[in-house]
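Order of listing sets the numbers, starting from 1, for every ligand and every atom in it. Keep in mind that this is a model prediction, so the values were computed, not measured. Only heavy atoms go into these numbers, but all of them, side chains included; no hydrogens, no water, no symmetry mates.
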Amino acid sequence: MKAPFSSEYSRLYDAVYRAKRYREEALRIRRIFEHYVPGARRVLELGCGTGGHARYLSRYYEMVCVDRSATMIRIAREGLRGRPITWRRADLGRGGSFGLGFDACLSLFHVMNYLTPAGFGRALGTVRHDLRHGGLFVFDSWNGDALLREGPASGERAFQSGGRHFVRRVTPRLNTHEGYCDVAIRIEEIQGRRRIIRSDEVHRMRYHFPNELRRLVARGGFTVRAVTNDVGGRLTGRDWSMQFVVTRN
Ligand SMILES: C[S@@+](CC[C@H](N)C(=O)[O-])C[C@H]1O[C@@H](n2cnc3c(N)ncnc32)[C@H](O)[C@@H]1O
């Protein structure tokens, strides 16, 4: 299967997610950092994408930002030139290290769901290795409880980029036996009556259950501090996204 976030999709990513509230999200993450690791200076971001969160967090922290997609990293680097950020292109599923002694690490907007179970373990190993003792890791994941309760939905959404008109169509296919959902994402440009396919990708998203993740992170050498929905509220079986706040033992 071709890796998602090809150059075509990545170039349209910011237009697709124009309404996403990166500033609010980043400021909330900063408050979490201030609470658990006050005085933090060095931050690692895994799956930084086009730098939506780094844009705000790099005002306060020295960052190392990692992503597998060459185009996502290039867009982020160009948009955030001059910031105290080191960019690294790498596949988190392979493990490895991005430096030592980080105070905090973040991985937001379901980056961890792109990893196989073995890759997830290796990524967790990287975080464990690269964080200082007591360092903080904040990440989110698709909540299997909500996904299985409501079922993934197909949908279509129009958006514009550079004066051009597009439609993004999402078609999910759930595999409960293997614990993933293949999300086919097709982007078509609308030119009068014509629709021209600009990007066609399948994103394999492995969902998790709250208790499963609690066990995984505990086994990986972390202590769970909080499990919430993605705005910091109480997690319920209706929340599609869950956020984990854990510290390195
Ligand atoms: C939904 S985007 C989120 C990007 C960014 N965190 C945001 O909030 O906009 C998922 C990102 O994870 C990256 N990604 C997926 N699998 C990865 C892997 N195995 N290693 C590194 N990055 C990966 C993708 O390239 C993409 O930039």
Side-chain angles (χ1 to χ4, degrees), residues 1-30 32 43-58 61 63-80 85-98 104-127 130 137-142 152 157 159 168 170 172 180-185 187 199 201-208 230-231 240-244:
M1 194 187 301
K2 193 178 142 201
F5 297 95
S6 62
S7 54
E8 298 81 10
Y9 185 68
S10 299
R11 278 198 295 268
L12 293 168
Y13 183 85
D14 284 343
V16 169
Y17 292 109
R18 192 162 284 144
K20 192 166 159 57
R21 301 161 86 92
Y22 282 104
R23 182 172 174 278
E24 283 87 336
E25 291 177 19
L27 293 180
R28 205 176 71 75
I29 294 296
R30 175 162 157 73
I32 296 174
V43 169
L44 174 64
E45 180 171 11
L46 303 181
C48 60
T50 54
H53 297 105
R55 174 174 302 279
Y56 300 99
L57 292 173
S58 62
Y61 307 106
M63 297 183 72
V64 174
C65 291
V66 183
D67 203 281
R68 180 175 59 183
S69 161
T71 310
M72 295 294 265
I73 283 270
R74 183 179 54 71
I75 294 169
R77 181 188 277 133
E78 285 171 5
L80 297 177
I85 303 176
T86 303
W87 303 98
R88 296 281 304 271
R89 185 176 172 215
D91 181 349
L92 300 170
R94 291 175 185 256
S97 169
F98 304 107
C105 175
L106 70 146
S107 183
L108 296 181
F109 206 14
H110 310 142
V111 175
M112 300 296 280
N113 296 107
Y114 283 90
L115 301 172
T116 62
F120 188 95
R122 283 190 285 268
L124 216 51
T126 295
V127 179
D130 289 1
F137 181 32
V138 182
F139 70 97
D140 59 19
S141 171
W142 272 24
R157 185 155 62 81
F159 68 98
R168 176 181 184 268
V170 171
Y180 64 73
C181 184
D182 274 343
V183 184
I185 304 177
I187 296 184
S199 161
E201 299 188 341
V202 177
H203 292 218
R204 178 159 294 179
M205 310 296 287
R206 292 175 178 81
Y207 53 87
H208 300 111
D230 56 5
V231 289
W240 277 67
S241 186
M242 53 184 170
Q243 192 166 83
F244 270 65

- Check F109, Y17, Y22 against H53 for a ring-ring contact (aromatic ring centres under 6.0 Å, His included) and give me the one that passes.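 The passing option is Y22.
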Please report whether ligand 1 has a polar contact with [X], defined as an N or O pair separated by less than 3.5 Å (distance criterion only).
X: F109; result: no
X: F5; result: no
X: Y22; result: yes

Which ligand 1 atoms does [X] reach within 4.0 Å, using its non-hydrogen atoms?
X: S69; result: 25 (O)
X: A90; result: 20 (N), 21 (C)
X: L108; result: 3 (C), 5 (C), 6 (N), 8 (O)

Give me the residue, atom name and distance of the protein heavy atom closest to [atom].
atom: atom 22 (N) of ligand 1; value: R68 N, 3.1 Å
atom: atom 13 (C) of ligand 1; value: D67 OD2, 3.4 Å
atom: atom 5 (C) of ligand 1; value: G47 O, 3.4 Å
atom: atom 19 (N) of ligand 1; value: D91 OD1, 2.8 Å
atom: atom 20 (N) of ligand 1; value: L92 N, 2.9 Å

How does L115 reach ligand 1, by side chain, by backbone, by both or by neither, if only non-hydrogen atoms under 4.0 Å count?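 The answer is the side chain.
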Is ligand 1 under 4.0 Å from a heavy atom in the side chain of S107, in the backbone, in both, or in neither?
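Under 4.0 Å from ligand 1, S107 contributes no heavy atoms.
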message: Within this structure, what is the CE-CG distance for the pair M242 and D140, rounded to the nearest 0.5 Å?
response: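 Going from the CE atom of M242 to the CG atom of D140 covers 9.5 Å.
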**Report entry** The single option from L46, V127, T86 passing side-chain contact (heavy atoms from CB on, under 4.5 Å) against F98
**Finding:**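 It is L46; the other options fail the test.
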Nearest candidate to atom 3 (C) of ligand 1, where distance is taken over non-hydrogen atoms, out of Y9, Y13, F120:
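Comparing heavy atoms across Y9, Y13, F120, the nearest one to atom 3 (C) of ligand 1 lies in Y13.
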- Does E78 come within less than 4.0 Å of R74, counting only side-chain N to carboxylate O?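 Yes, charged N to carboxylate O under 4.0 Å.
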